[in-house]
Amino acid sequence: MTVHGRRESQDFAPAFFDVAQSLEAAWDVWSSTHWGANHLEQAAQRRLRQLVAAAREASPYYRSLYRGIPKDAFDLAQLPIVTKSELMAHFDAAVTDRDVTRRLIHRFLADHNRVGHPLDDRYAVWTSSGTTGEPGIFVHDGRALAVYEALEVIRFRRLLSPAMLAATFLASDRYALVGATGGHFAGNASVERLRLLYPWLAQRMRVFSILQPTSALVDQLNEYRPSLLATYPTAGDLLAEEQQGGRLAIKLREIWTGGERLSSAQRSHIGAVFGCEVRDGYGASEFLAMAWDCGRGALHVNADWIFLEPVDEHYRPVPPGVASHTVLLTNLANRVQPLIRYDLGDSVTLLPAPCECGSAFPAIRVEGRCDDVVGVSDAAGRTVKLLPLALTTVLEDEASVHRYQLVQAGPTALVLRLDPKAADEQAARRCRESLGRFLQAQGAANVTLDIEHCSLQRHPVSGKLRHVVANTAGR
Ligand SMILES: [Zn+2]
């Protein structure tokens, strides 16, 4: 089917990587960064019309979903909502390239040597469990990837002009991503993709696993000496403690955080210890760069490339200042797997007052994952800190459970609650084995694990399922 990376049916599809495409996206993002709200809205509406037309034309799922909706209706509120489970159940019909099938993707995902490589020479594939606790597979075309990259570089890193793109890539920074490694996760796969596209950067970009014991991670970072570090807020906080204790000794120019809510206490602690700026971002496997941190306490939505609609549990809009139950994402950059009014699952608050930075891009706060760091005692009575993202990766990726809650019952006791509707005895056995291996690797094999099949506790404010609850936070 593939001849020199091109197929007849896809001659007009964007390439996985193309310099002209990247420059066009960079120019567009740069020039629109200083537009007013009206211009942003117009660009988004124009892109929405093109996206809806393309989805109707090439996706049998959307064609059938939009049957009965007038073809000239481009008011977002008129379009039906799609959920992750529906989209995954109708995967082959929802995508706009008939050659991209679930079967093909499963073969691709099974091969961990292909992390960051293109599927069928064209597409990036990322997997996620997301905040809804349901696994998802997301396919992105080259144009979407060029837009995400431009948004990251120009808005998130505040580049002054597209000409600085090359300079950024040639700068002498050493970049470290401390996160989930090995799988086709968005962060890990994006680093591998960049290493593949820019081989001269390969030595200056590395991914470090949060699953390993803290002392091993600290040793690796000391040896690598990164100048830029991207990680989760809880991991950033833990590394700040290591730096404060003198075990970690790295000089950072900037720290980028994402994936969880960054509290102001975490921000000031991390920033003070490392003596550098902490920048937060909001991204997902569905759209890599949804909002960026202006440094004045707000995340600004890239409203020329996405629509984000904060809604309540009945999908009705919630007013500014109120935390939403979930948020609907429309990805205006990606055509291969249209996401239009897609239930992302995150709780988001639209900030009522304009941000003092003066940006025309809407300001939000993301409630995000609010799981705790669990401090347990090892056999010698020393505290071992277990990061929530490490615990959830072990349970979701290794043990394949998604409806669960890990609760600390004491200094050396954990209780795993499994939803009886979604997990059987075999799932319980997988959890026991995977968590057991993880605790042993952390030097905390003395910690006991009880498994209960019972209902799960929700967060009192957002209504979200809390996956990891520490002892101090109460039960
Ligand atoms: Zn701002």
Side-chain angles (χ1 to χ4, degrees), residues 25-26 28-44 147-162 164 168 228 230-233 236 252-272 274 276-284 287-310 317-324 327-333 344 346-370 462:
D28 179 283
V29 165
W30 176 73
S31 56
S32 53
T33 296
H34 305 287
W35 282 351
N38 280 350
H39 271 87
L40 295 173
E41 174 70 17
Q42 278 168 19
V147 169
Y148 307 153
E149 230 159 75
L151 291 171
E152 291 258 327
V153 173
I154 293 170
R155 293 197 185 146
F156 184 78
R157 297 195 59 185
R158 295 181 215 152
L159 233 64
L160 297 176
S161 79
M164 281 174 71
T168 304
L228 297 173
T231 194
Y232 303 96
L252 295 176
R253 209 163 58 75
E254 270 175 29
I255 295 188
W256 305 334
T257 57
E260 297 165 338
R261 180 172 180 178
L262 174 72
S263 70
S264 46
Q266 283 170 330
R267 183 193 284 267
S268 45
H269 178 222
I270 298 169
F274 288 105
C276 70
E277 201 176 348
V278 181
R279 278 199 221 169
D280 195 29
Y282 176 39
F287 192 105
L288 202 58
M290 293 192 284
W292 83 97
D293 179 0
C294 68
R296 310 273 179 100
L299 290 167
H300 288 279
V301 178
N302 287 313
D304 46 347
W305 285 104
I306 57 170
F307 283 104
L308 272 189
E309 302 171 75
V318 298
V322 176
S324 73
V327 67
L328 305 176
L329 165 73
T330 300
N331 177 336
L332 299 168
L344 192 61
D346 288 340
S347 174
V348 161
T349 306
L350 193 62
L351 301 183
C355 183
E356 58 184 50
C357 74
S359 168
F361 293 86
I364 58 167
R365 184 177 62 231
V366 180
E367 309 305 333
R369 279 199 182 208
C370 43
S462 69

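Treat the numbers as computed from the prediction; the structure is a model and nothing was measured. Remember, it's 1-based here, ligands and their atoms both numbered in the order they're listed.
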What's the spacing between Ile364 CD1 and Leu351 CG if we round to 0.5 Å?
8.0 Å
Got a second to check how far Ser359's OG is from His300's NE2, nearest 0.5 Å?
4.5 Å
N/O donor-acceptor pair under 3.5 Å between Asn302 side chain and Ala289 backbone
yes
Main-chain N/O of Val348 paired to Ser324 side chain as donor or acceptor, under 3.5 Å
yes
Would Leu151 and Trp292 count as a side-chain contact (heavy atoms from CB on, under 4.5 Å) here? Give the steps.
CA-CA 9 Å; Leu151 291 171; Trp292 83 97; over 6 Å; no
Output, by chain and residue number, all protein N/O/S atoms separated from the Zn ion (ligand 1) by less than 2.8 Å.
Cys294 SG, His300 NE2, Cys355 SG, Cys357 SG
Would you say the side chain of Leu329 lies within less than 4.5 Å of the side chain of Leu308, judging by non-hydrogen atoms?
yes
